[in-house]
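The next block holds one structure in the form of structure tokens; read it before the comments.
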Amino acid sequence: MLSLDKSGISQLPTHTQNSHSFLLSHLLLHSLKLQAPEASHAVPTASTSMPLVSPSQQLLLPSSDMPSSVSGNPSASPRIVCCSGSSPSTVTAPGFNGRQDSERREIRLGLPSNRRMVDQTLSLLKDCRLPVERDSPQQHVATIPELPNLQVFFQHSEEIVRNLSSGHLDIGIAGFDTVSECGQGNEDLIIVHDALGYGDCRLCLAIPKTGIYEKINSVKELAQMSQWTEVQPLRVATGFEYLGKKFMQENGLKHVSILTARGPLEATPAIGTADVILTLVSHGTILWDNNLKEIEGGTALESQAVLLASRTSLIQREDVRDTTRMILDKLEAHLKGISHMRVIAYMRGTTVGEVTRRILSQPSLSILQETIIRSVLPIYDGDGEVVTECYEIDSYFPKEALDSTMQQLRAIGGRPIVTAPLLGIFDRETRWQQLLSKLGPQLSVATAQVS
Ligand SMILES: Nc1ncnc2c1ncn2[C@@H]1O[C@H](COP(=O)(O)OP(=O)(O)OP(=O)(O)O)[C@@H](O)[C@H]1O
Ligand SMILES: O=P(O)(O)OC[C@H]1O[C@H](OP(=O)(O)OP(=O)(O)O)[C@H](O)[C@@H]1O
């Protein structure tokens, strides 16, 4: 935000201040900080607040926001459908009162061992200065030296969701797809960060390209086909029984038989064991190569890796709260850092207000965040009189806006313009605050009992 008070540069993040003053110490004659939210001078910034669960992920909102089960009858005790094996087994999670290891002292973090997730999970934590240490990739128990009281367990995503629900893990990472499928109905599972930036895929319905499906291009058209009857339902092969049923129901597909299956499903229509499949896709090439196509309205869920925690652990254990907060803070700082770029632009001007107005005149520059404008160098005429000043604009912006930002800074006289990558942006702890307010009443009761 921008304003015209002269209170120094204390609001810049520390690391930014240090590198900045080092870089420009020989130029700094006087500086003006622009930060108070004075409406007429404020450069609008992109919102930094994110919902705890993104709109596309409303499905999994914990507690009272939880949707009813497919049958429309949420059971009193949380139930988790475990989607392993050809027919899913159903277990009842112990839930809030059924924890089996309440005497445990260490904090447990579950990391996905899935082939597609493990490497990116480890690199993300390393980039956040939370490297996982283990003697070999085969070791399933590890540590993070920065978090001394924490034990890491490598497990399959489904196990992580299940163990968080039962209290055997406190914190975890898993794909949102697995959380939605295996954690449905469990109020003890909380999504702490809903977009860790990897493991992107979508759960989508794919149908054969040819035969009776040749002219079918949408779920609506599929639902209207006369072939599907009570006696001969549409057979859907999927590893996602709960989400599959829910999706079919929501899309008016009445005569459906969900066939739970594991592994590559693409061959099932060709073999004849299923008519269509509901599967995870990222590129779509495997579908295409197997004579299958996606159809309009066929995406049941968008997914990526998410950070999870056990509600019970967060409520009952201060050390779990502290560690979750630290992990969340580092993740948010890193993810925001890598998606933004720092910019320092220099331009001539007469006053901070005049430079501010020039910036405000450019619509694309509204994405500049936490902007500071200061005079760094007076420019003299031949008589030694100050005729104008050089101003420095120090800010950051989303990387994808690089071209428009450079164009518009140039258009208002910015030169040179220096850009630099950011390792982290430690901003307001919005997600943490949202999490605390979700835990709110239960947390107050628990902390009051302890004291
Ligand atoms: N194209 C994709 N297909 C399947 N899963 C994907 C895809 N892209 C990302 N993912 C994420 O990866 C997770 C599955 O990973 P992976 O396929 O390695 O598991 P797996 O086959 O069950 O395990 P493994 O192969 O290690 O036994 C999914 O739950 C999802 O969150
Ligand atoms: O979008 P694409 O890149 O084309 O990939 C999609 C395929 O990837 C997954 O299988 P995977 O290769 O992980 O094997 P698996 O099902 O045995 O885990 C998924 O089940 C699809 O078959």
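One finds no salt bridge joining Glu318 and Arg321 here, because no Lys/Arg side-chain nitrogen approaches an Asp/Glu carboxylate oxygen to under 4.0 Å. Taking a cutoff of 4.0 Å between a charged side-chain nitrogen and a carboxylate oxygen, Arg317 and Asp322 do not qualify as a salt bridge. Between Arg325 and Glu429 there is a salt bridge, with a side-chain nitrogen of the basic residue lying less than 4.0 Å from a carboxylate oxygen of the acidic one.
Formation of a donor-acceptor pair under 3.5 Å by the Glu181 side chain with backbone atoms of Glu241 is found in this model. No donor-acceptor pair under 3.5 Å is formed between the side chain of Lys245 and the backbone N or O of Ile258. A donor-acceptor distance shorter than 3.5 angstrom exists from the side chain of Arg104 to the backbone of Gly167, with no hydrogens or angles considered. Listed for the Asn114 side chain is a donor-acceptor partner under 3.5 Å among the backbone atoms of Ser157. Formation of a donor-acceptor pair under 3.5 Å by the Thr323 side chain with backbone atoms of Val320 is not found in this model. For His340 (side chain) and Lys336 (main-chain N/O), a donor-acceptor pair under 3.5 Å exists by modelled atom type.
Atom NZ of Lys126 is surrounded by 12 or fewer heavy atoms from other residues, nucleotides or ligands within 6.0 Å. By the neighbour-count criterion of 12 heavy atoms within 6.0 Å, atom NZ of Lys254 is sparsely surrounded, having that number or fewer from other residues, nucleotides or ligands. More than 12 heavy atoms of other residues, nucleotides or ligands shown are found within 6.0 angstrom of CE on Met406.
Between Leu292 and Ile207, every side-chain heavy-atom pair lies at or beyond the 4.5 Å cut-off. Using a 4.5 Å heavy-atom cutoff, the side chains of Ile277 and Thr238 are not in contact. The shortest side-chain heavy-atom distance between Leu189 and Arg311 does not fall under the 4.5 Å cut-off.
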Next on the checklist: Set out, in order, the CA-CA distance, both residues' side-chain angles and the distance that settles side chain to side chain contact (heavy atoms under 4.5 Å, CB included) for Ile359 and Ile393, then state yes or no.
Outcome noted: CA-CA 10 Å; Ile359 294 174; Ile393 293 112; 3.8 Å; yes
Next on the checklist: Show, in sequence, the C-alpha distance, side-chain angles and deciding distance for Asp194 and Arg431, and conclude whether the side chain to side chain contact (heavy atoms under 4.5 Å, CB included) test is met.
Outcome noted: CA-CA 10 Å; Asp194 64 349; Arg431 280 193 173 85; 3.3 Å; yes
Next on the checklist: For a side chain to side chain contact (heavy atoms under 4.5 Å, CB included) check, start with the C-alpha distance between Leu203 and Asp177, then their side-chain angles and the critical distance, and finish with the verdict.
Outcome noted: CA-CA 8 Å; Leu203 180 64; Asp177 54 299; 5.7 Å; no
Checklist entry - Are Ile191 and Leu307 close enough, and set up right, to give a side chain to side chain contact (heavy atoms under 4.5 Å, CB included), and what steps lead you there? => result CA-CA 6 Å; Ile191 295 182; Leu307 177 69; over 6 Å; no
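Remark: Arg108 CZ to Asn163 CG distance equals 8.5 Å, nearest 0.5 Å. Between Leu111 atom CG and Ile160 atom CD1 the span is 6.5 Å, to the nearest 0.5 Å.
When all heavy atoms of Gly239 and Leu265 are compared, the pair lying nearest together is N-CD1, 4.2 Å. Across all non-hydrogen atoms, the minimal contact from Leu164 to Ile171 is CD2-N, 3.5 Å. Minimum heavy-atom separation, Cys128 to His334: SG-CB, 3.6 Å. The heavy-atom pair separating Thr419 from Leu402 by the smallest distance is CG2-CD1, 4.3 Å. Pairing each heavy atom of Arg428 with each of Glu370, the nearest pair is NH2-OE2, 3.8 Å. When all heavy atoms of Val276 and Pro208 are compared, the pair lying nearest together is CG1-CD, 4.4 Å.
The side-chain tip of Arg134 points at the ring of Phe154 from less than 6.0 angstrom away and within 45° of straight on.
Side-chain contact of Ser310 with Asp170: a donor-acceptor pair under 3.5 Å is absent, judged by distance alone. Side-chain polar atoms of Asp188 and Thr312 form a donor-acceptor pair below 3.5 angstrom. Between Thr178 and Glu158, the side chains place no donor N or O within less than 3.5 Å of an acceptor N or O (distance only, hydrogens not considered). Side-chain polar atoms of His168 and Ser166 form a donor-acceptor pair below 3.5 angstrom. A donor atom on one side chain and an acceptor atom on the other are not found under 3.5 Å apart for Thr371 and Tyr396.
The salt bridge (charged side-chain N to carboxylate O under 4.0 Å, His left out) contacts involving residues 271-297 comprise Arg202-Glu294, Arg235-Asp275, where partners must be two or more places apart or lie in separate chains.
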Using a 3.5 Å cut-off and no angle test, enumerate the donor-acceptor pairs between side-chain atoms of residues 138-153 and protein atoms at least two apart in sequence or in another chain.
unit_1, atom_1, unit_2, atom_2, d
Gln139, OE1, Asp135, N, 2.6
His140, NE2, Gln138, O, 3.3
Asn149, ND2, Arg105, O, 3.2

